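Worksheet for the structure shown next.
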Amino acid sequence: MKINRIELKNYRNIESLELVPCEGVNVIYGENAQGKTNILESIFLFTGLKSFRSSKDSELVAFGKDHTKLNISFSTKTREQSAEIKITDRRRAVLNGVSLPSPTALMSKFPAALFSPGFMSLIQNGPSERRKFIDSAICQITPKYAVVLTEYNKLLKQRNSVLKDNDNYRETKLFLECINEAFSILGEEIYIERKKYLDSILPYVTDIYAGLSSGKEEISFSYIRKGDRTGDMNLSDILKNHETADISSKMTLTGPHRDDIDININSVSARSFGSQGQKRSAAIALKLGEAELINNFIGERPVILLDDVMSELDASRQDYILNHIKDMQVFITCCEPGSILRMSGGKTFNINNGRLI
Ligand SMILES: Nc1ncnc2c1ncn2[C@@H]1O[C@H](COP(=O)(O)OP(=O)(O)OP(=O)(O)O)[C@@H](O)[C@H]1O
Ligand SMILES: [Mg+2]
């Protein structure tokens, strides 16, 4: 998939901007606070998702204006398409001239993979960030997974509220016996889907990471199943083993809501031992791997949006990003125009005060 043209009106600090990107790498550069991330953010909105920076749509409208209007034309494998997003106090979207019931209807029409500095929390923070990443990545390619997650979370809530509120040991034990079967079936399904996802994405991520590190480092993942002592226990047995602990701590201590993914570089944890550049490379490799997998599933290469990706990367890693991402349209923002000198091909855009110069 590729964007042929972008037009923005009254979007944050951008009064009016027209950008005709190339089908390869597009670098948007300029000083701080000029509007680089704003451009990437506006493109990202066409995925149908909310902004990765503002939860309120009204914040996207330029100060003092009553609406913003974004237009893109893009080509998919089958045809030329156009989309429009108009934001007043709420967001409306039009695809190929037809008004959509909700902007979320754009989902899967315009696939994009975004790396923003906030995504580093995937490597740096606790397990919930990694669970969130893998769950939303699976939802994109297996929509029924979202249903399983919702059902699981409903049962988890019930299980936890009985554990918390019921002080009668026998009653609680009886309740757990009733709920555990359904709970383990759903939990096992989540575990299997997550393992499957990691197995599918791994070859892409290892390739990309090897490219980024010029073959000097290797990335690997392992799925950490809380309470699995032997490495091959099923959730039902894990839950049984933790029953007394669950009752005394008044919460569900095992299950996919407590699992984690170890991201290792050269066999040691990236979170505990990785350098800044290694962590950033791992996060980028995961995002680019996700894009490859989306392409595999829906047959359309997502647009890649890389916000502020160059900082903390050495020359050879920057070179890989600028010159070795194949067959995908990429938008990169950076402050430092020096790195662009190493780019063979591609297009550059200099932005100042919301205007291309
Ligand atoms: N609704 C809005 N109306 C007008 N200006 C806004 C609005 N929202 C944000 N801005 C301004 O847009 C400017 C550019 O923001 P942006 O995040 O795109 O900068 P950037 O070029 O990516 O900078 P950096 O290199 O620091 O990441 C900021 O100065 C911000 O105050
Ligand atoms: Mg920025």
Side-chain angles (χ1 to χ4, degrees), residues 1-2 23-25 44 47 76-77 107-108 110-116 119-123 129-143 145 190-224 259-271 274 277-307 309-310 313 316-332 346:
M1 204 187 75
K2 84 178 171 67
E23 59 184 330
V25 177
F44 182 76
T47 60
T76 51
K77 268 187 191 144
M107 264 181 217
S108 79
F110 181 87
L114 165 88
F115 171 90
S116 77
F119 191 64
M120 290 298 294
S121 60
L122 173 78
I123 312 287
E129 291 293 330
R130 288 177 285 283
R131 290 192 297 264
K132 230 190 287 164
F133 163 75
I134 193 166
D135 287 341
S136 66
I138 301 171
C139 284
Q140 283 196 64
I141 52 177
T142 316
Y145 182 74
I190 294 172
Y191 167 66
I192 289 167
E193 284 298 334
R194 286 182 182 169
K195 285 275 288 175
K196 211 163 79 188
Y197 185 83
L198 286 182
D199 289 345
S200 323
I201 201 175
L202 184 65
Y204 297 117
V205 178
T206 42
D207 249 29
I208 297 160
Y209 194 91
L212 272 166
S213 66
S214 311
K216 290 184 200 130
E217 295 161 14
E218 196 185 3
I219 191 168
S220 58
F221 318 127
S222 42
Y223 191 91
I224 311 295
D259 292 349
D260 194 4
I261 299 154
D262 253 356
I263 300 169
N264 299 313
I265 295 167
N266 290 345
S267 308
V268 293
S269 158
R271 182 184 179 202
Q278 284 177 321
K279 286 181 191 162
R280 189 164 275 254
S281 306
I284 295 164
L286 270 161
K287 267 290 151 189
L288 296 177
E290 187 188 338
E292 292 284 359
L293 215 57
I294 290 175
N295 175 43
N296 252 6
F297 272 78
I298 67 170
E300 208 51 78
R301 291 187 177 276
V303 169
I304 310 282
L305 306 171
L306 304 174
D307 189 25
V309 82
M310 296 301 194
L313 293 185
S316 71
R317 288 177 202 241
Q318 291 187 358
D319 173 73
Y320 178 85
I321 290 174
L322 290 170
N323 299 313
H324 295 92
I325 300 178
K326 296 224 170 58
D327 308 324
M328 298 209 209
Q329 188 177 41
V330 186
F331 291 84
I332 300 178

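These numbers come from a predicted model, not from an experiment.
Partner of Ser281 under the side chain to side chain contact (heavy atoms under 4.5 Å, CB included) criterion, chosen from Leu212, Ile208, Ile265, Leu286: Leu212.
Residues forming a side chain to side chain donor-acceptor pair (under 3.5 Å) with Ser269 (at least two apart in sequence, or on another chain): Ser272. The salt bridge (charged side-chain N to carboxylate O under 4.0 Å, His left out) test applied to Arg317 returns Glu217, Asp314, not counting sequence neighbours. The ring pair (Phe, Tyr, Trp, His ring centres under 6.0 Å) check on Tyr223 picks up Tyr191, with sequence neighbours excluded.
Inter-residue side-chain proximity for Arg194 and Asp135 is flagged as met; some heavy-atom pair is nearer than 4.5 Å. Side-chain contact between Met1 and Gln329 is absent, with no heavy-atom pair separated by less than 4.5 Å. Residues Leu313 and Tyr320 fail the side-chain proximity criterion, which asks for heavy atoms closer than 4.5 Å. The closest side-chain heavy-atom distance from Ile332 to Leu322 is below 4.5 Å.
The two residues Ser121 and Glu129 have their closest heavy-atom pair at OG-OE1, 3.3 Å. When all heavy atoms are compared, the tightest approach of Glu292 to Arg301 is OE1-NH1, 3.4 Å. For the pair Pro111 and Ile294, the tightest heavy-atom approach, listed with the atom from each and the gap, is CB-CG2, 4.2 Å. Considering every non-hydrogen atom in both Leu202 and Ile219, the closest pair reads CD1-O, 4.5 Å. When all heavy atoms of Pro302 and Ala113 are compared, the closest pair comes out as CB-N, 4.1 Å. When every heavy atom of Cys139 is checked against every heavy atom of Tyr145, the shortest pair comes out as SG-CD2, 3.9 Å.
Ion pair Arg130/Asp260 flagged as a salt bridge, since at least one NZ, NE, NH1 or NH2 atom sits closer than 4.0 Å to an Asp/Glu carboxylate oxygen.
Judged purely by atom type and a 3.5 angstrom limit, Arg131 uses its side chain to pair as donor or acceptor with the backbone of Asp259. Judged purely by atom type and a 3.5 angstrom limit, Glu300 uses its side chain to pair as donor or acceptor with the backbone of Lys77.
Taking the six-membered ring where the residue is Trp, Phe119 and Phe115 present perpendicular rings, their angle passing 60° and hence far from 30°.
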- Decide side-chain contact (heavy atoms from CB on, under 4.5 Å) for Ile261 and Phe133; before the verdict, give the C-alpha distance in whole Å, the side-chain angles of both, and the deciding distance to 0.1 Å. CA-CA 10 Å; Ile261 299 154; Phe133 163 75; 5.8 Å; no
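Atoms CD1 and NZ, from Ile123 and Lys279 in turn, are 9.0 Å apart once rounded to the nearest 0.5 Å. To the nearest 0.5 Å, atoms CG (Asp262) and CD1 (Ile224) are separated by 4.0 Å. With values rounded to the nearest 0.5 angstrom, Ile263 atom CD1 is found 13.0 Å from Gln278 atom CD. Atoms OH and CZ, on Tyr197 and Phe221 in that order, are 9.0 Å from each other to the nearest 0.5 Å. The distance from the CD1 atom of Ile321 to the CD1 atom of Ile284 is 4.0 Å, given to the nearest 0.5 Å. Distance check: Ile134 CD1 to Leu198 CG gives 4.0 Å after rounding to the nearest 0.5 Å.
Atom NZ of Lys2 has more than 12 heavy atoms from other residues, nucleotides or ligands within 6.0 Å.
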